[in-house]
**Student:** 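My structure is below; once you've seen it, I'll send some questions.
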Amino acid sequence: MTTPHPEEMQQVTQMFKMLSDPTRLKILLSLQDGERNVTSIAAEVHMEQSAVSHQLKLLKDNRIIKSERQGKTILYSLDDKHVVDILQKTFEHIHHR
(Lines give C-alpha, C1' and ligand atoms only; values in the text may rest on other atoms or scores of the structure.)
Protein backbone atom coordinates (compact mmCIF):
# COMPACT_ATOMS: atom_id res chain seq x y z
CA MET A 1 0.00 0.00 0.00
CA THR A 2 1.30 3.44 -0.85
CA THR A 3 1.45 6.14 1.78
CA PRO A 4 -1.89 7.94 1.77
CA HIS A 5 -2.20 11.69 1.47
CA PRO A 6 -2.90 13.56 4.73
CA GLU A 7 -6.49 14.26 3.59
CA GLU A 8 -7.08 10.55 3.02
CA MET A 9 -5.66 9.74 6.43
CA GLN A 10 -8.07 12.27 7.97
CA GLN A 11 -11.00 10.65 6.13
CA VAL A 12 -10.03 7.18 7.40
CA THR A 13 -9.70 8.51 10.93
CA GLN A 14 -13.12 10.15 10.70
CA MET A 15 -14.71 6.95 9.41
CA PHE A 16 -13.32 4.92 12.29
CA LYS A 17 -14.57 7.59 14.71
CA MET A 18 -18.05 7.05 13.29
CA LEU A 19 -17.73 3.27 13.61
CA SER A 20 -16.32 3.45 17.14
CA ASP A 21 -19.57 4.51 18.79
CA PRO A 22 -21.65 1.50 20.01
CA THR A 23 -24.94 3.19 19.11
CA ARG A 24 -23.84 3.96 15.57
CA LEU A 25 -22.47 0.45 15.21
CA LYS A 26 -25.84 -1.01 16.25
CA ILE A 27 -27.55 1.21 13.69
CA LEU A 28 -25.18 0.11 10.94
CA LEU A 29 -25.66 -3.54 11.81
CA SER A 30 -29.43 -3.05 11.64
CA LEU A 31 -29.01 -1.69 8.11
CA GLN A 32 -26.83 -4.48 6.76
CA ASP A 33 -29.85 -6.43 5.50
CA GLY A 34 -31.38 -3.49 3.65
CA GLU A 35 -33.08 -0.15 3.96
CA ARG A 36 -35.22 0.77 6.95
CA ASN A 37 -37.04 3.77 8.35
CA VAL A 38 -36.10 5.53 11.57
CA THR A 39 -39.00 3.96 13.51
CA SER A 40 -37.83 0.46 12.64
CA ILE A 41 -34.20 1.27 13.45
CA ALA A 42 -35.13 2.88 16.79
CA ALA A 43 -37.18 -0.16 17.79
CA GLU A 44 -34.33 -2.54 16.97
CA VAL A 45 -31.65 -0.59 18.83
CA HIS A 46 -34.01 0.26 21.74
CA MET A 47 -33.59 4.02 21.51
CA GLU A 48 -35.77 7.08 21.07
CA GLN A 49 -36.34 8.15 17.49
CA SER A 50 -34.81 11.57 18.13
CA ALA A 51 -31.55 10.02 19.34
CA VAL A 52 -31.46 7.64 16.36
CA SER A 53 -32.18 10.52 13.98
CA HIS A 54 -29.21 12.43 15.39
CA GLN A 55 -26.91 9.44 14.83
CA LEU A 56 -28.32 8.88 11.33
CA LYS A 57 -27.48 12.48 10.43
CA LEU A 58 -23.88 12.01 11.57
CA LEU A 59 -23.57 8.78 9.59
CA LYS A 60 -25.10 10.38 6.52
CA ASP A 61 -22.90 13.49 6.77
CA ASN A 62 -19.89 11.15 6.78
CA ARG A 63 -21.14 9.18 3.74
CA ILE A 64 -21.53 5.92 5.67
CA ILE A 65 -25.26 5.73 5.05
CA LYS A 66 -27.62 7.30 2.53
CA SER A 67 -31.31 8.09 2.56
CA GLU A 68 -34.13 8.00 0.06
CA ARG A 69 -37.56 9.54 0.42
CA GLN A 70 -40.51 7.35 -0.51
CA GLY A 71 -43.64 9.42 -0.05
CA LYS A 72 -43.67 10.61 3.56
CA THR A 73 -41.15 7.99 4.66
CA ILE A 74 -37.38 8.32 4.59
CA LEU A 75 -35.55 5.04 4.18
CA TYR A 76 -31.94 4.68 5.29
CA SER A 77 -29.39 2.23 3.93
CA LEU A 78 -25.65 1.68 3.96
CA ASP A 79 -23.92 3.93 1.46
CA ASP A 80 -22.28 1.02 -0.33
CA LYS A 81 -21.05 -2.56 0.05
CA HIS A 82 -17.70 -1.35 1.41
CA VAL A 83 -19.34 -0.48 4.73
CA VAL A 84 -20.48 -4.09 5.17
CA ASP A 85 -17.02 -5.30 4.13
CA ILE A 86 -15.33 -3.09 6.75
CA LEU A 87 -17.68 -4.31 9.48
CA GLN A 88 -17.28 -7.96 8.49
CA LYS A 89 -13.49 -7.74 8.35
CA THR A 90 -13.39 -6.00 11.72
CA PHE A 91 -15.51 -8.69 13.37
CA GLU A 92 -13.38 -11.39 11.68
CA HIS A 93 -10.29 -9.74 13.08
CA ILE A 94 -11.56 -9.63 16.67
CA HIS A 95 -12.60 -13.30 16.48
CA HIS A 96 -9.26 -14.38 15.02
CA ARG A 97 -6.96 -15.80 17.69
Side-chain angles (χ1 to χ4, degrees):
M1 179 191 311
T2 61
T3 303
H5 295 285
E7 181 180 314
E8 292 171 319
M9 292 176 68
Q10 177 60 33
Q11 290 172 339
V12 169
T13 300
Q14 184 62 28
M15 177 154 195
F16 280 108
K17 281 182 188 177
M18 290 293 104
L19 298 177
S20 70
D21 180 82
T23 298
R24 289 191 289 267
L25 183 56
K26 287 178 192 176
I27 291 170
L28 293 173
L29 293 172
S30 78
L31 293 173
Q32 68 182 344
D33 293 325
E35 57 188 15
R36 301 177 69 175
N37 65 28
V38 68
T39 303
S40 172
I41 297 167
E44 184 165 330
V45 300
H46 307 289
M47 292 180 60
E48 296 292 326
Q49 283 188 21
S50 60
V52 171
S53 292
H54 174 73
Q55 298 302 327
L56 289 169
K57 180 179 179 353
L58 289 173
L59 291 166
K60 186 176 175 187
D61 289 349
N62 284 277
R63 296 180 33 220
I64 298 171
I65 65 167
K66 59 186 175 184
S67 64
E68 178 183 338
R69 180 175 291 278
Q70 289 187 354
K72 292 182 179 183
T73 303
I74 298 176
L75 297 175
Y76 296 91
S77 60
L78 299 175
D79 189 66
D80 60 38
K81 185 182 177 317
H82 295 112
V83 177
V84 173
D85 294 342
I86 291 166
L87 294 174
Q88 285 177 337
K89 290 294 183 188
T90 303
F91 280 107
E92 285 175 18
H93 176 71
I94 64 167
H95 290 116
H96 177 76
R97 306 254 166 170

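Just so it is clear, the model here is predicted, and its values are computed rather than measured.
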**Student:** Atom CD1 in I65, atom CG in L56: separation rounded to 0.5 Å?
**Tutor:**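 Between atom CD1 of I65 and atom CG of L56 there are 4.5 Å.
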
**Student:** Closest approach of I74 and S67, non-hydrogen atoms and distance?
**Tutor:**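 Smallest interatomic distance, heavy atoms only, reads CG2-CB, 3.7 Å.
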
**Student:** Does the side chain of L29 come within less than 4.5 Å of V45's, by heavy atoms?
**Tutor:**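 No; the side chains remain at least 4.5 Å from each other.
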
**Student:** Can you see which heavy atom on S30 is nearest to which on I41, and at what distance?
**Tutor:**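 Distance-wise, the nearest heavy atoms are OG-CG2, 3.9 Å.
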
**Student:** Find the distance between CD (Q70) and CG (L75) and round it off to the nearest 0.5 Å.
**Tutor:**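 Result: 4.5 Å between the selected atoms.
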
**Student:** Using side chain to side chain donor-acceptor pair (under 3.5 Å) as the criterion, list what pairs up with D80, not counting sequence neighbours.
**Tutor:**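 Applying side chain to side chain donor-acceptor pair (under 3.5 Å) to D80 gives H82.
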
**Student:** Taking a hydrophobic cluster as the set of Ile, Leu, Val, Met, Phe, Trp and Tyr residues connected by side-chain heavy atoms closer than 4.5 Å, whether directly or through intermediates, do M15 and M9 fall within one such cluster?
**Tutor:**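 M15 does not cluster with M9.
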
**Student:** Only pairs at least two apart or in different chains count here, so list each side chain to side chain donor-acceptor pair (under 3.5 Å) that has a residue in residues 2-22.
**Tutor:**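 Those involving residues 2-22 are Q14-N62.
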
**Student:** Please name the pair of heavy atoms, one in L19 and one in L25, separated by the smallest distance, quoted to 0.1 Å.
**Tutor:**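 Heavy atoms of L19 and L25 come nearest at O-CB, 4.1 Å.
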
**Student:** How many angstroms lie between atom OG of S77 and atom NZ of K60, to the nearest 0.5 angstrom?
**Tutor:**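 Reported value, rounded in 0.5 Å steps: 10.0 Å.
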
**Student:** Taking atom CG of L31 and atom NZ of K26, what is their separation to the nearest 0.5 Å?
**Tutor:**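 Answer for the CG-NZ pair, L31 versus K26, is 14.5 Å.
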
**Student:** Starting at OG1 of T73, measure out to CZ of R36 and round the result to the nearest 0.5 Å.
**Tutor:**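 Here the interatomic distance stands at 14.0 Å.
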
**Student:** Taking atom CD1 of I27 and atom CE of M18, what is their separation to the nearest 0.5 Å?
**Tutor:**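 Going from the CD1 atom of I27 to the CE atom of M18 covers 11.0 Å.
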
**Student:** Taking all atoms of both residues into account, what is the closest heavy-atom pair of L78 and K66, and its distance?
**Tutor:**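 Smallest heavy-atom distance, with atoms named: O-CE, 3.6 Å.
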
**Student:** Who passes salt bridge (Lys or Arg N to Asp or Glu O under 4.0 Å) against E92, sequence neighbours left out?
**Tutor:**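 E92 satisfies salt bridge (Lys or Arg N to Asp or Glu O under 4.0 Å) with K89 only.
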
**Student:** What closest approach, in Å, do S53 and V38 show between heavy atoms, and which atom pair accounts for it?
**Tutor:**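 Heavy atoms of S53 and V38 come nearest at OG-CG2, 3.5 Å.
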
